[in-house]
Amino acid sequence: MLFVSLKAICLWLLITTACLFECAEVSAGVEDKLADYLDAAEKHWQFQGAVLVAKDGKALLNKGYGYANRDFEEPNTPDTKFFIGSITKQFTASAVLMLQDKGRLDLQAPITKYLPDYPAETGDRVTVHNLLSHTSGIPNYTDDPQVIISRTHWISPASLIDLFKDRPLLFEPGTAFAYSNSNYILLGAIVEAVSGQSFEAFLHKNILKPARMINTGYARREAGLPDRADGYTLDIERGPTDALPMSFSILHTAGALYSTTNDLLKWDRELGDDDLLYDQSRAAMFTPNFGNYGYGWVIEERHGTRRAYHGGFLDGFNCTFDRWLDEGLCVAVLSNEDRAPVGKIARGLAAIVMYGAPYNFPTTRIPSLIDSTLLAEYEGVYLFEPGAHFLVRAGEKSLKLRSPGRELQVLLPEAVDRFFLQRDNSVIYEFTRDSTGRVAGLTFIDEEMQYTGSRLKDDGATSYSQASTQVPLTDAMCEAFSGMYHLETQTAPGSPIELVIVCAEGAMFAEAAGTGMVRIVPYSDRAFYQPDSDMTLEFLIDSASRVTGCVLRVDSQGVTGVKVE
């Protein structure tokens, strides 16, 4: 929802003063293939950002693509600052491990040893290791609708912890994996408690300054950083548009850093240096636990070699930082357009260096024209595994696909029953039919991955299918529900969030905290859903049939509002 990626490449034959590092000796053939791949990604996938490819600590490519600011046509460069989202977690994890190396922190100790005010019922059962490896069972605070609707408000780290500290654990700590930003907010609090410094000060003194990472730091979008990339979101109709605003205090030690490809090359070098971490701590960082998660890194074996990586996503930015541990290869792809296929680009570049060819070379796919009545046949809910559903809806010339907790995807037709992803046309969705000709299943194909799901017959089986059932919007609904509502949240106590409901041109729209109008669609006489997100909105009516308020929900979490006009 709110979160993070990387991209920059430096052609060693075309080094300018913007490329600060010497390039490793590589054959012109590999160099040309890297350049050709990225040129194709820029052309066919509309990639913009910065990309780094480095071998054994030396840059092979380090270059910017597209614009840091479209209005002023400022180009992206290796020194352009990108918000890197959850890539922040590896810096937070490194800070914790540094304190362990100094004998000031025990990873197996319960978190209440360092945060004595944290509720003992859960805190005594959760260790620092559980936080680092996402095996704590602590719910993810960024799923809370209070955070989503108050995203532009500053919030203290203590208030972030208040959002989840009293909630029950999802499972017994150490028995399962569940990615949760809450874990890394607590790790930041532990670093501050143990070191006696703010996290920002500790990071600067112990990691950034020694590594000479002068263009990496704690993000404050409102501060107007020089050489900062503006973030964009790909709008289906209008192309790249300005990303929604937010306060980086909401992300804090789980995702609030910015960096550049030049600095990430320095960081790659530091990660291989004994001065940063002891060998034992570095080995633990890159050892997979449940969910293949180490400490701030996802670890996998791919094509016979170990890959450690982490993505970073937030509105307007999508990044990835990949280290192929056995190859001495580092690939960083930072994009200031949040739907860029940065992971695929990084893997393609790595394959060129290691094997001489990418997994998927970007190409052009021309969409076909399919009658809207045929598109309607694909609408429905598709079950891939328990709890994993895709909701497919028909547009005028395309399909829209949603899955819980993920952004909207647009599928363009290549042929009857075969579609490709608008943003990454190498991703294929194929529909299957039963003996009667009815659409019965959906297969997702991406590189070597292939998954098949079945279409649900009972559309009442999930909340997503509940949202797929519409009722007509009436004039009476518009008259009754339009107006302003005040939502009280823990994230902005005493400053209610304004929710505005309006009707226009036969549709109803909602806007919270000035983040733009979104259409909402009724599925009962008082309940609405937002087709492009996980949000539902139910209006409250008293015994006198007066609308008194509303409840905005994202999954099971809700915020109540009072109608004020």
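Owing to the predicted nature of the structure, the values given are computational and were not obtained by experimental measurement. Numbers here are sequence positions counted from 1.
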Apply side chain to side chain contact (heavy atoms under 4.5 Å, CB included) to the pair I148 and M535, showing each step before the final yes or no.
CA-CA 10 Å; I148 297 170; M535 184 191 84; over 6 Å; no
task = Give the C-alpha distance, both sets of side-chain angles, the deciding distance and a yes or no for side chain to side chain contact (heavy atoms under 4.5 Å, CB included) between F83 and N336.
result = CA-CA 8 Å; F83 299 119; N336 56 327; over 6 Å; no
Do the non-hydrogen side-chain atoms of [X] and [Y] ever get within less than 4.5 Å of each other?
X	Y	result
L375	L399	yes
N181	K89	yes
R455	V392	no
F481	C503	no
Y141	Q146	no
D338	F317	no
L473	F528	yes
Q422	S398	no

Distance only, no hydrogens: is a donor on one side chain within 3.5 Å (strictly under) of an acceptor on the other, for T443 and T452?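 Present: a donor and an acceptor within the cut-off.
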task = Answer yes if the side chains of Y523 and T536 hold a donor-acceptor pair under 3.5 Å, and no otherwise.
result =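 T536 and Y523 do not have a side-chain donor-acceptor pair below 3.5 Å.
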Donor-acceptor contact below 3.5 Å, side chain [X] vs main chain [Y]:
X	Y	value
S368	E414	yes
T261	P78	yes
E511	V500	no
T88	L257	yes
S182	P139	yes
T253	Y184	yes
K43	T364	no
K33	G356	yes
R151	P245	yes
Q530	R519	yes

Which heavy atom of [X] sits nearest a heavy atom of [Y], and at what distance?
X	Y	result
F420	P413	CE2-O, 4.1 Å
R393	Y529	NH2-OH, 2.7 Å
N140	S180	CA-OG, 3.2 Å
I250	S150	CD1-O, 3.7 Å
G348	Y37	CA-OH, 3.9 Å
S524	A527	OG-N, 3.0 Å

Fit a plane to each ring of Y451 and F444, take the angle between them on a 0 to 90° scale, and name the class: parallel (under 30°), tilted (30 to 60°) or perpendicular (over 60°).
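Parallel.
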Query raised in the report: Y293 vs H134 aromatic rings, parallel, tilted or perpendicular, using cut-offs 30° and 60°?
Result: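 Y293 vs H134 ring planes: perpendicular.
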Salt bridge present between [X] and [Y] (N-O < 4.0 angstrom):
X	Y	value
E447	R302	yes
D322	R347	no
R70	D230	no

From [X] [atom1] over to [Y] [atom2], what is the distance, rounded to the nearest 0.5 angstrom?
X	Y	atom1	atom2	value
W45	K344	CH2	NZ	5.5 Å
I87	T320	CD1	OG1	6.0 Å
N292	E301	CG	CD	10.5 Å
R438	R433	CZ	CZ	10.5 Å
L163	I185	CG	CD1	10.0 Å
T142	F164	OG1	CZ	10.5 Å

- Between M508 and L537, is a side chain to side chain contact (heavy atoms under 4.5 Å, CB included) present by the stated rule, with each step listed? CA-CA 12 Å; M508 184 175 284; L537 185 65; over 6 Å; no
Centres of the F431 and Y378 rings: under 6.0 Å?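 Between Y378 and F431, which both carry aromatic rings, the centre distance is below 6.0 Å.
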Working for ring-ring contact (aromatic ring centres under 6.0 Å, His included), residues F248 and Y258
CA-CA 11 Å; F248 278 90; Y258 63 85; 8.9 Å; no
Determine whether F509 and I520 satisfy the following criterion, side chain to side chain contact (heavy atoms under 4.5 Å, CB included), listing intermediate values before the conclusion.
CA-CA 6 Å; F509 299 87; I520 57 176; over 6 Å; no
